[in-house]
Amino acid sequence: MAFLEVNGVSKSYGQTAVLRDISFSIEKGDVLAIIGSSGSGKTTLLRCLNSLVTPDSGTVAVNGEVLIDAAAPAPSDAELRRRRLHFGLVFQQFNLFPQYTVMQNLTLAPTLALKEELRALPRAERHAERDRRMGEINARAEALLRRVGLENRRDAYPCELSGGQQQRVAIARALGMDPDVLCFDEPTSALDPELTGEVLRVIRGLKGADSTMVVVTHEMEFARSVADVVIFMADGVIAEMGAPEELFGNPQTPQLKHFLSRAEETV
């Protein structure tokens with residue numbers, strides 16, 4: 001049984017089919033790169049995985065648990081929040097809270113989750129448990145900042161950071177909830193070329209730490225060298241899927257051949 005299994009996921013907006021019968025699976029610790037032209041459905045697929053968009057059909061399972069089933073009744077808000085914890089999503093535009101420091105950005109979501117957990121405890125036990133768990137949350141945030149090389153920027157605000165630094169904070173924030181699958185939506189598209197490398201180095205480093213990742217990217221060399229599996233999407237379908245050496249070395253469809261030739265022209 002694969003760690004992440006996506007079966008028959010489709011999504012339409014009105015008469016426009018954005019995703020059509022998307023199916024794939026990857027093992028734990030794999031890196032899946034998704035490439036394709038704008039409008040091919042890549043971001044919508046990520047949003048379906050993260051339960052930000054409800055597919056019209058299909059299922060998504062992680063480690064044997066079906067988290068999304070379009071044929072099932074709509075989940076409660078609490079159940080939806082629980083399902084989303086299985087996935088972490090790093091956006092193109094960082095989406096950090098400008099009024100909070102780096103450290104506060106990292107600890108906000110775990111702190112809110114802790115508050116919900118504490119409500120289930122007897123009132124007399126809440127204070128001690130909160131202190132203990134907050135210590136763990138802060139220690140975890142400090143460790144993540146070291147992991148992305150930003151331990152000396154813990155008290156900075158987002159406006160005081162470069163774009164590359166902000167994206168590295170966003171990666172640390174996503175890791176802070178210990179997701180089963182970490183998703184990236186064009187993580188370097190909003191960065192100047194000189195800042196792209198620092199973010200890609202962090203993502204490369206995550207591969208060796210048993211992180212399962214789905215990366216929508218326009219960085220072909222990154223997809224070729226880091227991914228275990230590459231999906232090429234075109235017009236809402238998976239046009240080709242396989243090992244990077246197969247897709248980049250011997251493309252089978254006219255669409256992929258054209259896409260790769262255009263990508264080479266822009267290098």
Side-chain angles (χ1 to χ4, degrees), residues 2-26 30-62 66-75 77 79-95 167 170-171 174 177 179-191 203 212-220 222-223 227 229-242 247 253 255-256 258-260 262-263:
F3 187 67
L4 171 63
E5 293 183 289
V6 177
N7 289 302
V9 168
S10 297
K11 179 65 181 179
S12 295
Y13 292 100
Q15 299 300 311
T16 303
V18 181
L19 298 176
R20 294 183 286 167
D21 196 26
I22 301 295
S23 297
F24 63 87
S25 62
I26 57 175
D30 277 355
V31 177
L32 168 66
I34 304 177
I35 62 175
S37 301
S38 297
S40 59
K42 306 183 302 296
T43 293
T44 300
L45 176 56
L46 280 193
R47 293 176 68 82
C48 285
L49 294 181
N50 285 268
S51 296
L52 298 175
V53 167
T54 302
D56 300 324
S57 62
T59 62
V60 177
V62 174
V66 176
L67 298 177
I68 299 170
D69 183 351
D77 289 344
E79 174 62 16
L80 193 59
R81 288 194 296 270
R82 186 192 71 81
R83 293 178 184 182
R84 285 174 176 161
L85 292 176
H86 288 272
F87 290 88
L89 179 57
V90 179
F91 299 89
Q92 297 179 24
Q93 298 293 337
F94 324 136
N95 286 5
Q167 191 62 295
I171 293 171
M177 298 303 290
D180 293 314
V181 181
L182 186 58
C183 301
F184 296 86
D185 185 12
E186 297 279 12
T188 60
S189 65
L191 301 178
I203 299 174
T212 305
M213 293 184 280
V214 177
V215 186
V216 169
T217 183
H218 63 276
E219 300 285 345
M220 294 301 103
F222 173 80
V229 181
V230 178
I231 283 175
F232 169 64
M233 292 187 65
D235 299 321
V237 303
I238 296 177
E240 291 197 43
M241 176 171 57
L247 265 75
T253 60
Q255 297 101 313
L256 180 54
H258 178 67
F259 175 79
L260 293 177
R262 288 184 58 193

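The environment of CD in Glu79 is crowded: more than 12 heavy-atom neighbours from other residues, nucleotides or ligands sit within 6.0 Å. Atom CG of Asn95 has more than 12 heavy atoms from other residues, nucleotides or ligands within 6.0 Å.
Residue pairs meeting the salt bridge (charged side-chain N to carboxylate O under 4.0 Å, His left out) criterion with at least one member in residues 15-26, sequence neighbours excluded, do not occur.
Side-chain atoms of Thr253 come within 3.5 Å of backbone atoms of Leu256 as a donor-acceptor pair (strictly under, hydrogens ignored). Here the side chain of Lys42 pairs a donor or acceptor atom with the backbone of Gly36 at under 3.5 angstrom. Between the side chain of Arg84 and the main chain of Ser51, a donor-acceptor pair closer than 3.5 Å is present.
Contact annotation: the side chain of Val9 never approaches that of Lys11 to less than 4.5 Å [non-hydrogen atoms, C-beta and beyond]. Within the 4.5 Å cutoff, the side chain of Phe184 has no heavy atoms near those of the Gln167 side chain. Considering only heavy atoms from C-beta on, Glu240 stays 4.5 Å or farther from Val230 through its side chain. A 4.5 Å side-chain heavy-atom check between Phe222 and Thr188 finds every atom pair outside the cut-off.
Every residue meeting the side-chain contact (heavy atoms from CB on, under 4.5 Å) condition with Asp180, not counting sequence neighbours, appears here in chain and number order: Phe3, Val62, His86.
Put simply, CD1 on Ile35 and CG on Leu260 are 5.5 Å apart, with the number rounded to the nearest 0.5 Å. Note: Ile22 CD1 to Ser10 OG = 7.5 Å, rounded to the nearest 0.5 Å.
Tested against Ile238 for a side-chain contact (heavy atoms from CB on, under 4.5 Å), the candidates Val6, Ile34, Ile231 yield a single pass: Ile231.
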Donor-acceptor contacts, no H, no angles, side chain residues 43-50, under 3.5 Å, sequence neighbours left out:
| unit_1 | atom_1 | unit_2 | atom_2 | d |
| --- | --- | --- | --- | --- |
| Thr43 | OG1 | Asp185 | OD1 | 3.0 |
| Thr43 | OG1 | Asp185 | OD2 | 3.3 |
| Asn50 | ND2 | Leu46 | O | 2.8 |

| Val214 vs Leu4, side chain to side chain contact (heavy atoms under 4.5 Å, CB included): CA-CA, chis, key distance, verdict | CA-CA 10 Å; Val214 177; Leu4 171 63; 4.0 Å; yes
